[in-house]
Structure formats: structure tokens, C-alpha cells
Amino acid sequence: MREHDGKNLSWSDRLRVLPEADPPRDAWPAIRARLEKRRRRPVAWPGLALAASVILAVSLWIWQGPESPPPAGGTPWLAQSQELEQELRRLRNSGGVMNGGEAALVAELEDRITVIDMQLAGGELSESEAEKLWRRRVALLAELVAVRSDRVAVVEADNYVL
Amino acid sequence: MGTHDHLKLDDATLAAARGGDMNACEAIYRRFERPVYNVALRLCTDADEAMDVLQNTFLKAFERLDQFRGDSPFWPWLKRVAVTQSLMKLRRERLHRLWPGQWLESEAVEDGPGGETADLEGALARLPATTRAVVWLYDVEGYSHAEIAELMGKTESFSKSRLARGHARLREWLEPEEEDATCVSMMERT
């Protein structure tokens, strides 16, 4: 039974009658454009492991030769990526079994990272485009670390209780 | 039962959208854009973030339409996508506030956006993001504590405690006289 606030109206009753808002703009044109672009894109490689995609991304940098500078802004983002991946490997070994929600979230994040790695490996990016993709990659990895960390915290808390 | 659970999607439109018919996809978008936007807005409180969630929700939904079993209502399935996208957005925003160098989410209760709390709308927006999410998902969208725990990667105890905390804060902000009376009454009894 939903909690009452003492005025014979539950919080549920009061919250449900809050007014709704209309979206400030029509998102359909942008959604349609991305759906159509997606359909023109080659099929993504299923099951591309995160480690393999890092190798691809690293290879992009190395191809520029030992004397060439790495992609502008690429070095710090690459270093952060590698740190996060190390943290992820550690967390994968210490966390328990994920529930459905976590697994879906992790799958979503890994999908997005795979797409970014494919774009990075594509090799036809301007410096600013590559930097944007690297920043996005680092942000997604950080999010993956957060999800895994939460799972480890739950496992540790459960173990403590037991 | 949550709000908008009465919204239906006919089999023909669903089948056409699965087949890649853009007109059918648009029909689905038009039918559900407002409820999706409002779920996102209540969880994220920011209109621009809610628009991002709206867009990502439909992109994800159209990508995974083949995973939707047509024997159950469409809106709860779509709503779950919207909720997941909103929670991811909230998590990302918290990480950005901790950046740089801090990979882990802080467990400290964050201060929600400042503003008028004299009305329920303002008070809800002022709740910390996670607490607000639990309150909205439980009280309005009709999720159980078990479902909320699964969505957020937390335990049922977490969901229950955040709900209680959220209700306590709302009561404190909206009915301070009653809160005071309750405190006085409790003190007189001791």
C-alpha cells in the first residue's frame, strides 16, 4: 500500500496529478536521420572484445610512426582509457553475478564503446573528431567502472553481512 | 500500475516498424514521445537532458524492436528503455561532477537543484537524483522495490530506504508545521 501523507492522499496520488510537459522540440527528424544512417552503415562485428578494440585504437596511433606525434589530444585520453580498462579487469575479477538491469547497462555501454572503436579504427577522422571520440570512449569506460564498482560494493556488503 | 499503461500499439504498426517502415516508426514516436519525455524529465529534471534521453530511447527501441514480444503491452517495455536511458544519463552526470581522477561514484547524498520547494513540483526537483528516481519510479510509474533494485543495480533495501528518505524530505519541505507538531508530540511523550 502506498504511503499516505496524513491528508488522505498518498504521495502516489499527489505525484500522479502533476502536470505533464510537451517536448520543447520535435526530435523525430534527428531520430529518422540516425536510423537511416544506421541502415547504411556496414554490419557491426559481433562479439568484438574490448581488448581487441583497444589494440585497434592503439594501432591507429602507432601507424603514425615513432617520430610522429600521436593524434592531437589522443595521448592523455589513451592513457586514461588504459587506466580505466585496467580497473575494469580488476573489478571483473572481484564482482559477483550481475542482475538483469546491470547486465543490460553493461551491454549497452560495451556496444557504444565498440562503435567508437570502429570509428577510431576507420582512420578518416580529423583531429577534433578523433579527440571527441576519445573523450567519449573515456566517459563510457568510466561509466562501466562505476557500474562494476557498485556491483563489487554490493557483493562486499553482502559478504560483510554474512 | 503506472501512468500511461493504457496506451496501446496495434500489431500492424508494430510489424511495419519491425520491417523498417519509417512511417510506422514515426507513428510509434508520435504516440509515445510525450510519455517518454515526461519520464525522462522527471528523472533528469533538465529539459535538454530529457531530450537526449527521448532521442536515445527511441533509437534504442527501434534497434531492438525484434526483442519486444508482442504478447505484452508496448508501453511498459518502452518505458523501461526510457528509465534505463535516464538512469544512465544521471550516472554519467554524477561521474562528470567527480571528474577528474575519481572513477567511483560518491555515495554522499548530493544536493538537488536549488529552487522553490513550496510546491510539490519544486520539492520533487530538489530531491537528490537517486532519491527522486526511486520516488518517481515507485509512486508514479508503479515499479516494485525489486524492479527498482534491478534497474539501478542496487538492493531492495536501498530502494526502500531511499523511498522513505524521499517521502520524509517531501513532508519536511511541504508540511513543516505538521513535522514540527509531530516532533513536539514525540518530545511530550518522552
Side-chain angles (χ1 to χ4, degrees), chain A residues 2-3 5-7 10-28 30-32 34-36 38-39 80 83-84 87-88 91 98-106 108-109 111-112 138-154 157-158, chain B residues 3 20 22 25-26 29-30 33-38 41-42 47-48 50-51 54-55 58-60 62-63 84-85 87-88 91-92 94-96 98-100 103-105 107 120-121 124 135-136 138-140 142 147 149-155 158 163-164 166-167 170-171 174-175 178 182:
Chain A
R2 307 286 158 165
E3 183 192 317
D5 62 359
K7 292 189 173 176
S10 67
W11 285 115
S12 179
D13 291 336
R14 292 175 73 178
L15 289 165
R16 280 169 184 243
V17 297
L18 286 176
E20 286 195 339
D22 286 318
R25 55 190 177 276
D26 184 6
W28 174 246
I31 292 170
R32 181 180 184 132
R34 285 182 64 176
L35 285 174
E36 286 170 344
R38 204 178 269 176
R39 285 170 191 184
Q80 287 185 33
E83 270 186 60
L84 285 161
E87 179 67 10
L88 267 176
L91 288 167
M98 286 188 288
N99 61 41
E102 287 169 335
L105 184 54
V106 166
E108 162 93 28
L109 291 168
D111 280 352
R112 290 188 181 190
V138 165
L140 289 169
L141 282 169
E143 207 166 323
L144 256 180
V145 165
V147 173
R148 295 277 186 185
S149 299
D150 281 353
R151 171 43 47 188
V152 168
V154 167
D158 286 347
Chain B
T3 56
M22 277 297 172
C25 290
E26 183 177 1
Y29 171 78
R30 297 283 172 220
E33 76 172 309
R34 199 162 187 263
V36 167
Y37 176 74
N38 278 279
L41 187 62
R42 288 300 176 193
D48 286 336
M51 285 303 294
L54 172 70
Q55 199 163 318
F58 279 100
L59 285 169
K60 190 57 61 178
F62 290 136
E63 183 184 297
T84 305
Q85 291 294 320
L87 294 175
M88 280 172 61
R91 190 186 292 269
R92 206 170 298 138
R94 288 180 74 179
L95 285 172
H96 286 162
L98 292 173
W99 201 264
W103 314 133
L104 304 180
E105 270 191 36
E107 289 301 312
L120 183 54
E121 186 97 54
L124 183 67
V135 167
W136 191 260
Y138 185 84
D139 282 330
V140 178
E147 289 168 324
E150 191 193 0
L151 280 164
M152 299 181 96
K154 303 287 187 186
T155 62
F158 173 88
L163 182 72
H167 286 167
L170 291 175
R171 201 178 302 116
L174 297 171
E175 291 139 20
E178 286 196 19
T182 305

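Order of the sequence lines fixes the chain letters, A, B, ..., with proteins taken first and strands second; residue numbering starts at 1 for each chain.
When all heavy atoms of B:Glu33 and A:Pro23 are compared, the closest pair comes out as OE1-CG, 3.8 Å.
For B:Leu59, the parts lying under 4.5 angstrom from a heavy atom of chain A are both the backbone and the side chain. Residue B:Leu170 touches chain A through both its backbone and its side chain, counting heavy-atom pairs closer than 4.5 Å. For a residue to count as touching a neighbouring chain, one of its non-hydrogen atoms must lie under 4.5 Å from one of that chain's; by this rule B:Glu147 does not touch chain A.
Residues that satisfy the salt bridge (charged side-chain N to carboxylate O under 4.0 Å, His left out) test with B:Arg34, not counting sequence neighbours, are A:Glu20, A:Asp22.
Contact of the A:Pro19 side chain with the B:Glu121 side chain is registered, since non-hydrogen atoms from C-beta on lie closer than 4.5 Å.
Classification of the A:Trp28-B:Phe62 ring pair by plane angle, with boundaries at 30° and 60°, yields perpendicular.
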